[in-house]
Number of protein chains: 2
Amino acid sequence: MGRPLRMRRQATLASLAAELGVSRTTVSNAYNRPDQLSPELRRRVLETARRLGYPGPDPVARSLRTRKAGAVGLLLTENLSYAFRDPAAIGVLEGLALACEDAGVGLHLVPASPGRDDVAAVHRAGVDGFVVYSVPDDDPHLAAVLARPVPTVIIDQPQIEGIDRVGPDDAAAITKLAEHLVGLGHRQVGVLCMRLGRDRNDDFVSLERQRAAHFHVQRNRLEALATAFTKAGVDWATVPVVERFDHTVDEGAFGARQLLSTYPQVTAVICTSDILALGALAEAERRGLRVPADLTVTGFDGIAEAERIGLTTVHQPVLEKGRAAGKLLLSAADHINPQVITLPTDLRLGTTSAPPRTMEEHWFGP
Amino acid sequence: MGRPLRMRRQATLASLAAELGVSRTTVSNAYNRPDQLSPELRRRVLETARRLGYPGPDPVARSLRTRKAGAVGLLLTENLSYAFRDPAAIGVLEGLALACEDAGVGLHLVPASPGRDDVAAVHRAGVDGFVVYSVPDDDPHLAAVLARPVPTVIIDQPQIEGIDRVGPDDAAAITKLAEHLVGLGHRQVGVLCMRLGRDRNDDFVSLERQRAAHFHVQRNRLEALATAFTKAGVDWATVPVVERFDHTVDEGAFGARQLLSTYPQVTAVICTSDILALGALAEAERRGLRVPADLTVTGFDGIAEAERIGLTTVHQPVLEKGRAAGKLLLSAADHINPQVITLPTDLRLGTTSAPPRTMEEHWFGP
DNA sequence: ATGAAAGCGCTAACAT
DNA sequence: ATGTTAGCGCTTTCAT
């Protein structure tokens, strides 16, 4: 630490009181309720505190007594590195941090390694509530959070009966995107989605796995896509869906490669995130496919880079999502009847979507 | 919260013990030392706990008793939004979070609004130590941190006698950059730097203000630049230095505009961060100046975008910086004799630096 | 393998 | 304006 002084943890509120010949209440008041004692006495207390090296009331003891930790916990099981590399996740984090700052409470990042199911960290966190961000419904950390007697707000997923939730209407949002593609004439589409469960499956996804996905956001989006394309006369069972465990641009590219190698007739690759879409675009380029002339690619989230390159995507207000979750948790809201806050989304048509090649030829010649 | 059950905070370790007709020790052991009691009894304890809705030992009470909070505090006074928008800061945060995760301790972001000097949040934080990231030497939050009887590690700035610190050798790093520019022939340079104090001064900087800068990193970099250019025969007093309070690309552009409007003869703009340099590049384009033919621009940090566009800059390992700080804080290291960890830096020559126009003409004709 | 005793350091009624 | 009384809920020697 540096100054040797700070090491010897000695002076307590009680010892200070003794030294001064006053009661502990008075010393406590000197710190917490300056108006409860004469300025003169307060000055003496603080002065003596300095002399004795008393650092002020111990925060943990105070928390025990007041039953208030002054912090909210944040649980995000996803490997931290991905969280800090995904602009959408960073936006959520920022919004949440802002809400906490506004309220003057700390934001406690719970160490939840995805590998080892070390739930102890959840038990150890001295917080007044939790925000859970985008975890699978069978996450043991989540179970531990819900077992604690504090309010909890979930962002995005999972959707749990009776628990506050903040997120977009994924189904409605992606339905608009699907209708856009259907309108353009796409019937042979492929999907590239994020992980559907805690088990790694970097491969095509069966209908059964789609239906039973533990990540509700992905499940809802796939379901909505299925509904929309079925309505357009497409047999969803024939639509290839590729899953990627790691959420990176590179994995997006690999996923697209897998998809396009096996199904070269696909005219549009629908990605459930912009990050994956960025990878799909890279793969398209690698294969010499022009976008959107030869291939349509779409994303989801509306991150800055997507906007910059003109990706057709669904934009969602990530910062607001984090902020709304923080506010909801910290609000006096009786968390008795659970709230669900639905955020607006916005279909952003970019330059990566166009009619499929065959249609184009049909209209304009080869 | 949802389940009404979780609201009634009732069952405690003591009440559980009473219900079971065993001692509190036994219940405690059931949770913390499974090997200290018969499996059968333990099963009964846990089972009864579930029945009574006892959520397990209260983390705050446990912390008070064990004198361990299981978390480290992070103080970064800079407006949160800037922290989450600067890739360099995000890298530090990620590294620190990783170190915490490895150690199984939480990372507690202390709410420290730059405006109001609300130091209370520092007092309230139940943490075992603090990491302070890049604050001015007169920051009241920092003072509050140092007053607490826990170890502290500072990243980058300020440099305080007797306190552990992790950071690059800013002076050495930027000296190499300066020598590169001098070698190219630049003698008429201008500097664009980040804020030098807590007061806003979006303007040219006097020598006095440079010298007295409260942000040590900026001070050190300016000082090193002064030394290097003086050695090359430049009178540092004639070198324009523009300061920017907000650390954004836009402000970088404004700063460059201010600089180039008043000193159009400048052949190189040295920016003390990549973000500012990105802005300077935008401004150069706006003015129709070709880079590097008409103007040289350099940065500092080595963020991904800088690398992508080929900015000449100094790269520093930001993730490692954060991780090293976390490890140092959490290590058994007797923080009695303070440590200073210096990280390596790396001059990355890009395509934004070249000999000044006049020299080029001298050599190759106009 | 289990229990009894002794606080950890503080705040909040409720007096005076 | 200041003091008295009572814990907050838990862990940890030290016994048994």
Side-chain angles (χ1 to χ4, degrees), chain A residues 8-46 48-49 52-70 120 123-128 148-150, chain B residues 8-46 48-49 52-70 120 123-128 148-150:
Chain A
R8 57 171 221 268
R9 96 149 288 92
Q10 8 59 312
T12 73
L13 190 145
S15 71
L16 221 192
E19 171 83 15
L20 281 158
V22 304
S23 79
R24 308 205 288 297
T25 305
T26 300
V27 178
S28 176
N29 283 337
Y31 285 94
N32 304 315
R33 297 177 172 161
D35 52 314
Q36 294 300 297
L37 70 175
S38 62
E40 160 56 16
L41 178 53
R42 180 169 138 87
R43 208 195 44 64
R44 244 181 76 221
V45 172
L46 264 34
T48 307
L52 261 56
Y54 176 65
D58 180 286
V60 174
R62 164 186 278 155
S63 287
L64 175 58
R65 184 60 241 238
T66 61
R67 310 266 17 143
K68 226 98 206 58
H123 292 139
R124 245 188 280 282
V127 299
D128 302 319
R148 291 215 18 198
V150 295
Chain B
R8 56 171 222 267
R9 98 147 287 90
Q10 9 57 311
T12 74
L13 190 145
S15 69
L16 221 193
E19 171 83 16
L20 280 157
V22 304
S23 79
R24 305 205 292 294
T25 306
T26 299
V27 178
S28 176
N29 282 339
Y31 285 94
N32 304 314
R33 295 176 173 160
D35 51 314
Q36 294 299 296
L37 69 175
S38 63
E40 161 55 16
L41 178 53
R42 179 170 139 87
R43 208 196 42 66
R44 243 183 75 223
V45 172
L46 265 34
T48 307
L52 261 56
Y54 176 64
D58 180 285
V60 173
R62 165 188 276 156
S63 286
L64 174 59
R65 184 62 240 241
T66 62
R67 310 267 18 151
K68 226 105 210 57
H123 294 138
R124 245 188 281 282
V127 298
D128 301 318
R148 295 229 355 212
V150 296

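So that the names make sense, note that chain A is the first sequence line, chain B the second, and so on, each numbered from 1. Note that the structure is a prediction, hence the values are computed from the model and not measured.
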Please write out each protein N/O paired with an N/O of nucleotides 12-16 of chain D under 3.5 Å, distance rounded to 0.1 Å.
| from | atom 1 | to | atom 2 | distance (Å) |
| --- | --- | --- | --- | --- |
| D:dT12 | OP2 | B:R33 | NH2 | 3.4 |
| D:dT12 | O4 | B:T25 | OG1 | 2.9 |

Closest non-hydrogen atoms of B:H123 and A:P59, given as atom of the first, atom of the second and distance, are O-CB, 3.3 Å

Which heavy atom of B:Y54 sits nearest a heavy atom of B:A11, and at what distance? CD1-O, 3.3 Å

Whole angstrom is fine here: how far is it from CD in B:Q36 over to P in D:dT11? 14 Å

Rounded to the nearest angstrom, tell me the gap between atom CG in B:L37 and atom P in C:dG3. 10 Å

With the criterion being N/O to N/O and under 3.5 Å, what pairs connect the protein with nucleotides 14-16 of chain C, and how long is each?
none

With a cut-off of less than 4.0 Å, is there a side-chain N or O of B:R67 near OP1 or OP2 of C:dC8? no

B:V60 to A:S63 - nearest heavy-atom pair and separation: CG1-CB, 3.7 Å

Once you round it to whole Å, what is the distance between P of C:dA1 and CD of B:E40? 14 Å

For B:R124 and C:dT11, give me the distance from atom CZ to atom C1', rounded to whole Å. 14 Å

Atom CZ of A:R44 and atom P of D:dA1 are separated, to the nearest Å, by 16 Å

Would the distance check show the side chain of B:T66 and the main-chain N or O of B:R62 forming a donor-acceptor pair, the cut-off being under 3.5 Å? yes

Mind checking if A:Y31 touches a base, just sugar-phosphate, or nothing, with heavy atoms under 4.0 Å? nothing

Given D:dC10, D:dG3, C:dT11, which nucleotide is nearest the side-chain atoms of A:T26? D:dG3

Rounded to the nearest 0.5 Å, the CG atom of A:L13 sits from the OG1 atom of A:T25 at a distance of 8.5 Å

Once side-chain contact (heavy atoms from CB on, under 4.5 Å) is applied, do any residues pair with B:T48, and if so which ones, sequence neighbours excluded? B:L16, B:E19, B:L20, B:R51, B:L52

Side-chain N or O of B:T12 closer than 4.0 Å to phosphate OP1/OP2 of D:dG9: no

Given C:dC10, D:dG3, C:dG9, identify the nucleotide with an atom nearest to the side chain of A:L64. C:dG9

Nearest-Å distance, CG (A:D35) to P (D:dT2)? 12 Å

Which part of the nucleic acid, if any, lies within reach of A:V60 when heavy atoms closer than 4.0 Å are counted: base, sugar-phosphate only, or nothing? nothing

Give me the atom names and distance for the closest heavy-atom approach of A:A69 to A:G126. CB-O, 3.2 Å

Nearest heavy-atom approach of B:G70 to B:D128 is N-OD2, 2.7 Å

Around B:R42, counting heavy atoms of other residues, nucleotides and ligands shown, do more than 12 lie under 6.0 Å from its CZ? yes

Tell me: CZ of A:R62 to C1' of C:dC8, nearest whole Å? 16 Å

C:dG9 P sits how many Å from B:K68 NZ, rounded? 14 Å

